[in-house]
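Have a look at the structure below before the remarks.
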Amino acid sequence: MNKNLVIVESPAKAKTIEGYLGKDFIVKSSFGHVRDLSTKDLGIDINNDFKPVYEVMPEKKKMISDLKKIANSSETIWLATDEDREGEAISWHLAEVLGLDQAKTNRIVFHEITKSAITEAISHPRRIDQHLVNAQQARRVLDRLVGFELSPILWKKVKPALSAGRVQSVAVRLIVEREEDIRKFQSTFAYRVSGIFEVGSPIGIATIKAELSKRFSTLEEARAFLELCSKATFKVADVEKKPGKRTPAPPFITSTLQQEASRKLGFSVSRTMTVAQQLYESGKITYMRTDSVNLSQTALGMAKDEIIKQFGKEYHKSRHYTTKSKGAQEAHEAIRPTYLNQGTIDGDAAQNKLYDLIWKRTIASQMADAILEKTNIYIDISNSSEQFVAMGEVIKFDGFLKVYMESSDDDTEQTEGILPPVTKGEKLRMQQIDAVQKYAAQPSRFTEASLVKKLEELGIGRPSTYAPTISTIQKREYVVKDDREGTTRNYVQLTLKEGKIKEAVKHEKFGYEKSKLFPTDTGELVTRFLQQYFDDIMDYNFTANVEKEFDEIAQGLKVWNEMIRGFYSPFHKKVVETLESGEKAKGEKLLGIDPETGFNVYVKLGRFGAIAQLGETDSPDKPKFAGFRKGQTLDNITLDEALKLFEFPRLLGQYEDVDITVGIGRFGPYLLHKSKFCSLKKTDDPATITLVRAIALIEEKRTEGANRTIKSFAERPDVLVLNGRYGPYIAVGKNNIKIPKSTDPASLTLDACLKLAESAPAPSKKKFIPRGKNRS
DNA sequence: CAGTGAGCGAGCTTCCGCTTGACTT
């Protein structure tokens with residue numbers, strides 16, 4: 001008979017804890033939630049006080065039956081899941097499923113994974129907190145009601161297979177509204193004046209760059225000011241020195257890790273989480289899904305030792321951070337290296353980079369402030385009341401900056417370095433003054449990571465769901481991650497030098513975007529639709545408001561199913577009304593008339609995206625349809641552009657006695673020749689492409705195809721060494737295998753290829769996804 | 001990741017939150 005069974009959520013945690021507890025304890029993990037609402041229908045018995053219909057999740061069945069056996073032969077069971085709403089619920093579900101007597105089952109929580117903390121927890125067991133469990137049930141039931149009643153409305157009124165939910169729909173709304181802001185944005189400009197002044201110092205001539213605080217709205221005003229300056233003398237009006245300091249950022253939590261990895265390493269949100277998971281599983285870092293900035297005593301001690309050892313005592317400052325984001329539940333520590341004396345690890349490139357980031361951020365968070373000296377030099381103009389100001393900043397003591405500096409999303413901030421010493425009243429010689437036409441920047445689009453930041457600020461979503469939410473809204477094609485080339489525009493620059501004013505027209509690029517989130521037509525339509533009929537759920541404060549009620553349930557001040565009833569009655573009424581009388585939202589509009597046929601040209605959202613339609617749906621002659629090109633939306637397409645879409649596929653000419661046609665497919669314009677496809681290049685326009693160019697493209701593709709094969713084997717025609725878009729690889733049937741960097745692809749033998757194929761990780765099967773585990 | 005290129009509707013889709021694993025048509 002086994003004495004003690006401890007159940008935690010994560011297997012990695014189970015392994016560490018088992019080491020601390022000794023042989024009287026078996027530690028197992030539940031792998032997260034073990035039961036969920038049935039998906040056969042709503043999974044909630046509405047007429048029976050919203051009684052949830054729970055089922056053991058299919059992929060957990062085996063684990064539960066194994067756990068049952070161990071539980072039955074154990075004297076004492078310790079439920080040690082996380083100390084938050086979800087963790088409490090997991091313990092309760094376990095107790096239910098394993099048939100445990102709750103009056104005898106011990107519920108414990110660890111605040112850190114150390115021997116003393118665990119022994120301490122074991123000596124203070126409690127019972128399952130049913131109020132907290134009920135708060136979780138309310139959360140779960142509410143999310144199911146919203147998701148499973150709203151989504152079918154979308155299937156009927158907009159497009160099949162769409163989805164709506166408390167979190168994802170608001171995430172999409174943020175992106176849609178940002179895009180609207182950008183569309184509405186009217187770029188304004190002002191002339192910004194800056195001057196370069198010379199000061200004679202004992203060691204030679206130094207320059208000071210200073211800005212005029214006043215901006216001019218017209219070119220004439222700017223010119224008049226420069227003319228004034230050409231006759232003016234300049235002197236130092238005042239020198240102001242102020243001490244300043246900079247403080248390190250708190251240690252990483254999930255959202256801040258995602259942001260910094262995005263800004264500094266260019267990782268997508270899901271990439272960051274995958275790599276962090278690897279680091280966690282190999283014991284390099286603490287748990288990566290957390291909203292707590294807290295560091296354990298052990299970590300503080302290790303950080304102190306490491307900082308003193310590497311940088312000296314004056315660089316250390318112990319800091320305790322507290323979590324302030326809405327809805328934070330603090331079940332874990334901040335994300336930090338397990339051993340802070342390990343500055344580097346032995347991992348792959350991505351792991352090393354992410355680890356380095358985490359190590360630096362953690363260490364910096366326990367380091368001293370950076371001490372600065374800020375200097376402002378005010379420069380008087382003899383014939384004007386305006387003033388130039390030069391701002392400088394000198395680091396007196398680098399403190400945490402020695403290790404780590406947080407990046408920001410807008411890279412506009414710029415600080416001047418050291419300013420030369422000047423004294424009040426000192427005359428300055430003007431070298432040059434520029435007045436530059438500067439346009440105000442349009443609102444910036446969200447990146448994956450900055451969207452996560454915004455969601456967290458609003459208290460929407462949890463550390464474990466940020467990455468899945470971001471991929472859901474892309475999978476549903478509500479938003480796309482895309483780049484924009486940007487366009488050039490002219491601006492005017494006036495330069496005053498050696499008594500003369502010169503005017504020049506210069507160019508600048510603007511609107512360049514890289515990996516930004518753009519709403520699709522579907523995203524915009526669905527958002528508009530949901531806002532029209534369900535504005536309360538689309539409200540940015542909806543989650544925060546229901547969270548307040550969940551908290552009251554957790555404190556025993558409210559009954560969970562009464563709260564749900566209060567929400568559901570009006571909500572469901574609206575659902576029924578919308579289904580009955582809500583108009584279909586296909587975004588259909590009449591663009592105009594085709595001058596050739598006289599038929600109406602419509603645009604609308606079809607099953608596979610936006611389409612143009614020529615003719616009437618109910619006419620005996622079926623209408624013609626054509627899909628949009630990239631970048632075209634229901635909002636921005638013109639009649640001419642729509643008419644062009646119907647010109648494809650068109651016959652271009654003949655090559656080798658066979659027709660070449662130009663078409664537009666789902667991946668852009670293409671050529672079709674001898675039943676082979678060939679994409680047009682970005683610079684080619686399918687409307688104007690010549691036969692000569694088309695033949696060149698086809699030939700190019702042929703030689704590319706010929707160069708594709710590096711090696712083939714007569715005895716195994718299905719094994720090939722190929723040159724792909726991402727470098728050489730081995731193809732065995734339909735599987736593609738990476739070639740190690742150290743190997744020369746041309747030297748590979750058949751045996752070597754097959755060996756590599758065998759040792760390669762099994763191809764991930766994404767085609768068939770079992771129910772209940774359909775994310776990542 | 002390693003190449004794709006319909007069709008405008010015949011019967012499915014969906015939520016949020018915990019957590020990692022992988023064999024059958």
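To find a chain, count down the sequence lines: A is the first, B the second, and so on, and within it residues start at 1.
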**Request:** Between dT19(B), dC18(B), dC15(B), spot the one nearest the side chain of H332(A), thanks.
**Result:** dT19(B)
**Message:** Base, sugar-phosphate or nothing for S679(A)? Non-hydrogen atoms, less than 4.0 Å.
**Reply:** base
**Message:** Looking only at the side chain of K60(A) (C-beta and beyond, no hydrogens), which of the listed nucleotides dC16(B), dT13(B), dC18(B) gets closest?
**Reply:** dC18(B)
**Request:** Scan F648(A) against the nucleic acid and name what it touches under 4.0 Å (heavy atoms): base, sugar-phosphate only, or nothing.
**Result:** nothing
**Prompt:** With a non-hydrogen cut-off below 4.0 angstrom, is I611(A) in contact with a base, only sugar-phosphate, or nothing?
**Reply:** base
**Prompt:** Which part of the nucleic acid, if any, lies within contact of P623(A), taking any heavy atom under 4.0 Å across all strands shown: a base, the sugar-phosphate backbone alone, or nothing?
**Reply:** nothing
**Under 4.0 angstrom between R476(A) side-chain N/O and dT13(B) OP1 or OP2** = no
**OP1 or OP2 of dT19(B) under 4.0 Å from side-chain N/O of Y280(A)** = no
**Request:** For S151(A), report the nucleic acid contact type (base, sugar-phosphate, nothing); a contact means any heavy atom under 4.0 Å.
**Result:** base
**Request:** To the nearest Å, give me how far apart OH (Y478(A)) and C1' (dC15(B)) are.
**Result:** 12 Å
**Message:** For a quick check of understanding: with a heavy-atom distance under 4.0 Å over all strands, which category does G87(A) fall into, base, sugar-phosphate or nothing?
**Reply:** nothing
**Item:** Nearest to side-chain heavy atoms of E9(A), which nucleotide of dT19(B), dC16(B), dT14(B)
**Value:** dT19(B)
**Prompt:** Between I698(A) (CD1) and dG5(B) (P), how many Å, whole number?
**Reply:** 17 Å
**Item:** For atom NZ of K40(A) and atom P of dC15(B), their distance in whole Å
**Value:** 19 Å
**Prompt:** Taking only side-chain nitrogens and oxygens of T465(A), does any of them come within less than 4.0 Å of OP1 or OP2 of dG17(B)?
**Reply:** yes
**Asked** Base, sugar-phosphate alone, or nothing: which one does G32(A) contact when heavy atoms must sit under 4.0 Å apart?
**Response** base
**Request:** Could you state the atom-to-atom distance from OH of Y466(A) to P of dC16(B) in whole Å?
**Result:** 14 Å
**Message:** Is the shortest side-chain heavy-atom distance between L671(A) and L680(A) below 4.5 Å?
**Reply:** yes
**Complete:** Regarding the side chain of F677(A), the nearest nucleotide among dA6(B), dT20(B), dC15(B) is dA6(B)
**Asked** Roughly how many Å is it from CD1 in I90(A) to P in dT20(B), rounded to a whole number?
**Response** 11 Å
**Prompt:** For S10(A), which contact category applies under a 4.0 Å heavy-atom criterion: base, sugar-phosphate, or nothing?
**Reply:** sugar-phosphate
**Asked** Considering all heavy atoms of both residues, which atom of A171(A) and which atom of L451(A) are nearest to each other, and what is their separation?
**Response** O-CD1, 4.1 Å
**Message:** By a 5.5 angstrom centroid cut-off and a 30 degree plane limit, is there stacking between F31(A) and dC18(B)?
**Reply:** no
**Message:** Using whole Å, what does the distance between atom P of nucleotide dG5(B) and atom NZ of K674(A) come to?
**Reply:** 21 Å
**base_contact_polar (dC16(B) base, R139(A) side chain, donor-acceptor, <3.5 Å)** = yes
**Request:** Check for a donor-acceptor pair, side chain of T578(A) on one end and backbone N or O of K574(A) on the other, with a separation under 3.5 Å.
**Result:** yes
**Request:** Would you check if F625(A) stacks with the base of dC8(B), given a 5.5 Å centroid limit and a 30° plane limit, both strict?
**Result:** yes
**Request:** Nearest whole angstrom, please: distance from the P of dT20(B) to the NZ of K13(A).
**Result:** 10 Å
**Prompt:** Base, sugar-phosphate alone, or nothing: which one does Q168(A) contact when heavy atoms must sit under 4.0 Å apart?
**Reply:** sugar-phosphate
**Asked** With sugar-phosphate meaning primed atoms plus P, OP1 and OP2, does Q277(A) contact a base, only sugar-phosphate, or nothing at under 4.0 Å between heavy atoms?
**Response** sugar-phosphate
**Message:** Nearest to the S464(A) side chain among dC15(B), dG17(B), dG5(B), which nucleotide is it?
**Reply:** dG17(B)
**Item:** Per Y670(A) side chain, nearest of listed nucleotides dG5(B), dT20(B), dT13(B)
**Value:** dG5(B)
**Prompt:** Between D41(A) (CG) and dC15(B) (C1'), how many Å, whole number?
**Reply:** 14 Å
**Message:** Within this structure, what is the CG-OG1 distance for the pair L605(A) and T633(A), rounded to the nearest 0.5 Å?
**Reply:** 11.5 Å
**Fill in**
The single option from R139(A), Q136(A), Q137(A) that satisfies side-chain contact (heavy atoms from CB on, under 4.5 Å) with W560(A) is Q137(A)
**Item:** Distance-only polar pair, side chains of E149(A) and Y568(A), donor-acceptor under 3.5 Å
**Value:** yes
**Main-chain N/O of G266(A) paired to R271(A) side chain as donor or acceptor, under 3.5 Å** = no
**Request:** With heavy atoms under 4.0 Å as the rule, sort V146(A) into base, sugar-phosphate or nothing.
**Result:** nothing
**Request:** Would you classify A164(A) as touching base, sugar-phosphate or nothing, given that sugar-phosphate means primed atoms plus P, OP1 and OP2, and contacts are heavy atoms under 4.0 Å?
**Result:** sugar-phosphate
**Prompt:** Between K604(A) (side chain) and I611(A) (backbone), is there a donor-acceptor pair under 3.5 Å?
**Reply:** no
**Stacking of W155(A) on dT14(B) base (centres under 5.5 Å, planes under 30°)** = no
**Prompt:** Counting side-chain heavy atoms from C-beta on, which of dT20(B), dT13(B), dG17(B) comes nearest to M288(A)?
**Reply:** dT20(B)
**Message:** Using only modelled atom types and a 3.5 angstrom limit, is any donor from either the side chain of R140(A) or the base of dC15(B) paired with an acceptor on the other?
**Reply:** yes
**Request:** For R166(A), report the nucleic acid contact type (base, sugar-phosphate, nothing); a contact means any heavy atom under 4.0 Å.
**Result:** sugar-phosphate
**Message:** Both A626(A) and P463(A) contact DNA chain B. Taking the nearest nucleotide for each, which residue is further toward the 5' end?
**Reply:** A626(A)
